[in-house]
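Encoded as structure tokens, the structure appears first; notes follow it.
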Amino acid sequence: MRLALAAAMVSSLLLPLAVPAEAQTRLPRVSPAERKTKTINRQIQQDQRLLRLEERIQMENNQIRQSIERDRLFAPRPLPPMPRG
């Protein structure tokens, strides 16, 4: 009797795990509104990446300009020739 009861309990626990539930076999359809929202979000993310890239390029250009100006400002100036006499 105990053996039959134990077997029934074990089978009642393992049987649902062996057969997937019907709701888990298919994903729900994506609604047009959700699809549009995902498309808009993807476009916003792409625009943000592009903006960050443009900002980085502008910052690097500014650093190069500053470096050139600093080099020109502190460049050694040639001394005027000394008169021989």
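Being a predicted model, the structure only gives us computed values, none of them experimental. In this chain, residues are counted from 1 in sequence order.
- Separation of atoms CD (Glu34) and CG (Asn41) is listed at 10.5 Å; rounding is to 0.5 Å.
- Listed by chain and residue number, Gln43 satisfy the side-chain hydrogen bond (donor to acceptor under 3.5 Å, both in side chains) test with Asp47 (two or more places apart in sequence, or in another chain).
- With sequence neighbours excluded, the residues forming a salt bridge (charged side-chain N to carboxylate O under 4.0 Å, His left out) with Arg56 are Glu60, listed by chain and number.
- Evaluation of the side-chain hydrogen bond (donor to acceptor under 3.5 Å, both in side chains) rule for Gln45 yields no partner, not counting sequence neighbours.
- Within the hydrophobic cluster formed by Ile, Leu, Val, Met, Phe, Trp and Tyr side chains joined at under 4.5 Å, directly or through other members, Phe74 is accompanied by Leu73.
- Listed by first then second residue, pairs satisfying salt bridge (charged side-chain N to carboxylate O under 4.0 Å, His left out) with a partner in residues 66-77 number zero, not counting sequence neighbours.
- Considering only residues two or more places apart in sequence or on other chains, Arg52 meets the side-chain hydrogen bond (donor to acceptor under 3.5 Å, both in side chains) condition with none of them.
- Grouping Ile, Leu, Val, Met, Phe, Trp and Tyr residues whose side-chain heavy atoms lie under 4.5 Å apart, directly or via other members, places Ile44 in a hydrophobic cluster with Ile40.
- Judged by distance alone, with hydrogens and angles left aside, the side-chain atoms of Thr37 form a donor-acceptor pair with the main-chain N or O of Ala33 at under 3.5 Å.
- Leu53 shares a hydrophobic cluster with Ile57; the chain of contacts runs through ILVMFWY side chains whose heavy atoms sit under 4.5 Å apart.
- A distance of 11.0 Å separates CD in Gln63 from CD in Gln58, rounded to the nearest 0.5 Å.
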